[in-house]
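The sequence lines fix the lettering, A, B, ..., with proteins before strands; numbering per chain opens at 1.
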Amino acid sequence: MTPFVLSVLKYSLLGLLYFFVFRAVRSVALDIAGRRRERRTTEMRAPTEQVAAARSSKGGKPPSHVVVHEPDGAKARNVKLSGPTQIGRGAACAIRLSDTYVSQVHARLYGENGSWFVEDLGSTNGTYLNDRKVASPVEVHAGDVVKVGKTVLELRR
Amino acid sequence: MSRAVVRTSRVPLGSALGFTITALVLSVGAYVIAGYGKRGQLPARFVIYAAIFAGGYALALIAIRRFAPAADPALFATAGVLVGLGFAMIFRLSGGLATEQATWIVVGLAAFVVTIVVVRDHRMLDAYTYTIGLLGLILLMLPMVPGIGRTINGARLWVQIGPLGFQPAELGKVLIVIFLASYLTQKRELLQVATTRLGPFRLPAPKHLAPVLFAWAGSLAILFLQRDLGASLLYFGIFVVMLWVATGRAVYLVIGLVLFALGAYLGWALFDHVQLRVDVWLNALDPNKVFDLGYGQLAQAQFGMATGGLVGTGLGQGSPGLIPFAPTDFIFAAIGEELGLFGTTALLLLYVVLVGKGLRIALEARDPFGRLLATGLSALIGLQTFVIVGGVTRVIPLTGVTLPFVSYGGSSLVSNFILLALLVRISSGPAPGRAVT
């Protein structure tokens with residue numbers, strides 16, 4: 001192996017090393033771009049889907065409070081929305097309910113870019129937004145009503 | 001029975017395959033080049049080592065595809081490149097150590113696969129806060145036990161049971177990070193509330209500040225008992241970073257820095273070996289001290305990196321064997337000699353990618369525990385790399401910790417692979433298939 005071949009190999013190794021680093025860094029960048037594109041396509045969904053999505057929420061301002069009406073007739077609680085809020089019977093939930101029809105970790109409310117979404121976390125009895133079952137995360141607005149088990153959550157400004 | 005939110009987006013196979021194949025080519029390529037540079041021929045065990053790398057990376061890729069399909073495609077490959085470069089360098093320094101390292105790579109990859117398969121959902125670790133914490137503490141303290149503890153190179157880090165020697169603290173680190181993530185997720189609300197005033201700062205109640213002081217005392221105790229500067233720095237650093245991220249209160253960073261400065265000064269004032277480290281750092285190139293303990297090795301590392309220049313002498317063609325502890329603490333300097341500034345920069349970029357991806361995983365994690373765990377694990381890799389690379393390049397006093405994934409050493413390699421598996425798991429979300437309760 002001549003010194004020349006060895007240095008060619010050395011430079012190839014360094015080149016390949018930087019190629020790998022470049023690809024790895026780019027994969028992060030593409031990841032972000034891909035997510036953005038995904039969001040854009042959800043915004044420009046097929047018209048029928050758009051109608052369906054619009055009907056499930058009344059539209060309007062994003063909520064800042066949620067009023068919890070539990071079925072046992074106890075006094076309604078007012079909870080301020082500040083970060084991702086889990087709803088359920090479990091101890092880890094920010095909105096903890098004693099409703100037996102509610103799962104341990106039932107659903108969650110979370111904010112993204114100033115909008116709020118409700119998402120069902122695989123509950124047994126389902127989560128309903130304005131009496132429509134929530135299958136995937138749906139945007140919520142002030143005035144919407146979310147039902148989990150027998151509990152009613154009212155979203156307010 | 002809460003089914004976790006399973007991300008359905010499967011990463012395309014091409015992307016993961018491309019990264020892993022590039023990692024494989026780099027690993028085996030570096031090894032072959034080192035063989036030609038050293039002896040002018042294909043290394044005698046080429047087939048065995050190439051098969052280990054190819055088989056190991058393929059198995060890891062299959063495990064990721066099967067059990068963590070939404071994981072970041074470049075995460076494992078990045079670590080794979082680091083392992084490959086480290087192996088080539090170790091092989092170049094000593095064939096015997098390379099055989100041992102190859103064995104540890106096999107064990108490490110096995111540990112990686114097992115961790116991915118067993119930990120189907122990282123949140124299951126959240127249930128064993130104190131068990132994991134206790135286990136981590138036991139592992140840290142194990143070398144103190146008379147009879148099985150061993151002192152090697154001035155630090156009491158080893159446990160010797162029969163023919164098997166290992167450093168339990170390496171795995172202990174990962175367990176401590178899991179414990180901290182779990183503990184701080186539970187307590188962060190208490191730690192967020194500031195009640196007492198101290199000068200310009202508003203501090204949380206002393207009761208809740210206790211864990212910070214406890215961690216500080218603990219890392220000082222490690223310094224006292226095990227004479228291990230690197231580990232002590234690492235634990236405290238990770239703790240402060242995780243506390244900061246968990247609570248979002250920068251005051252912990254300030255308190256941490258003040259306590260760290262205090263601890264560093266105390267350590268310097270009280271311990272000879274700390275004073276020696278500082279003096280070695282400042283006067284490594286003093287010609288009068290070259291033959292004293294510690295000075296020469298750091299000087300050799302500087303000379304090695306200087307010899308390497310921009311692109312290095314080429315693998316197998318320098319003389320990194322002159323640097324003491326070249327396969328472990330000083331492997332960065334050895335790589336600097338043979339692959340030059342470009343090689344070491346690429347190496348650091350690989351760590352940047354690894355830590356950057358770890359922090360991205362943290363940002364995207366849906367649960368607070370996963371977020372904090374990913375942050376802590378990334379901080380562990382980042383801080384450890386900084387401590388050893390900073391030490392070798394004389395940015396900070398040298399403290400002996402391993403360069404993650406690169407340095408020779410079984411305990412470190414295996415626990416880093418377990419750490420990587422946890423990051424892959426958090427990145428992918430719960431494993432598909434059986435519902436996790």
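- In this structure, the portions of A:L16 lying under 4.5 Å from any heavy atom of chain B include both its backbone and its side chain.
- A donor-acceptor pair under 3.5 Å is formed between the side chain of A:Y18 and the backbone N or O of B:F342.
- With a 4.5 angstrom heavy-atom cutoff, B:V311 touches chain A via backbone and side-chain atoms both.
- Heavy atoms only, all atoms of each residue included: A:L17 and B:V81 are closest at CD1-CG1, 3.6 Å.
- The stretch residues 344-352 of chain B places B:T345, B:A346, B:L349, B:L350 near chain A, each with some heavy atom under 4.5 Å from a heavy atom of that chain.
- The contact between B:Q317 and chain A is made entirely by side chain atoms (from C-beta outward), counting heavy-atom distances below 4.5 Å.
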Chi angles and distances behind the side-chain contact (heavy atoms from CB on, under 4.5 Å) call for A:V21, B:T78: CA-CA 8 Å; A:V21 171; B:T78 308; over 6 Å; no
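- Side-chain atoms of B:L315 and A:K10, non-hydrogen and from C-beta on, never get closer than 4.5 Å to each other.
- Across every non-hydrogen atom of B:I33 and A:L6, the tightest pair is O-CD2, 4.5 Å.
- Counting heavy atoms of neighbouring residues, nucleotides and ligands inside a 6.0 Å radius, atom CH2 of B:W244 does not exceed 12 of them.
- Within the structure, salt bridge (Lys or Arg N to Asp or Glu O under 4.0 Å) contacts touching residues 146-157 of chain A (residues at least two apart or in different chains) are A:D131-A:K147, A:E154-A:R156.
- Using a 4.5 Å cut-off on side-chain heavy atoms (C-beta onward), A:V5 and B:Y36 make no contact.
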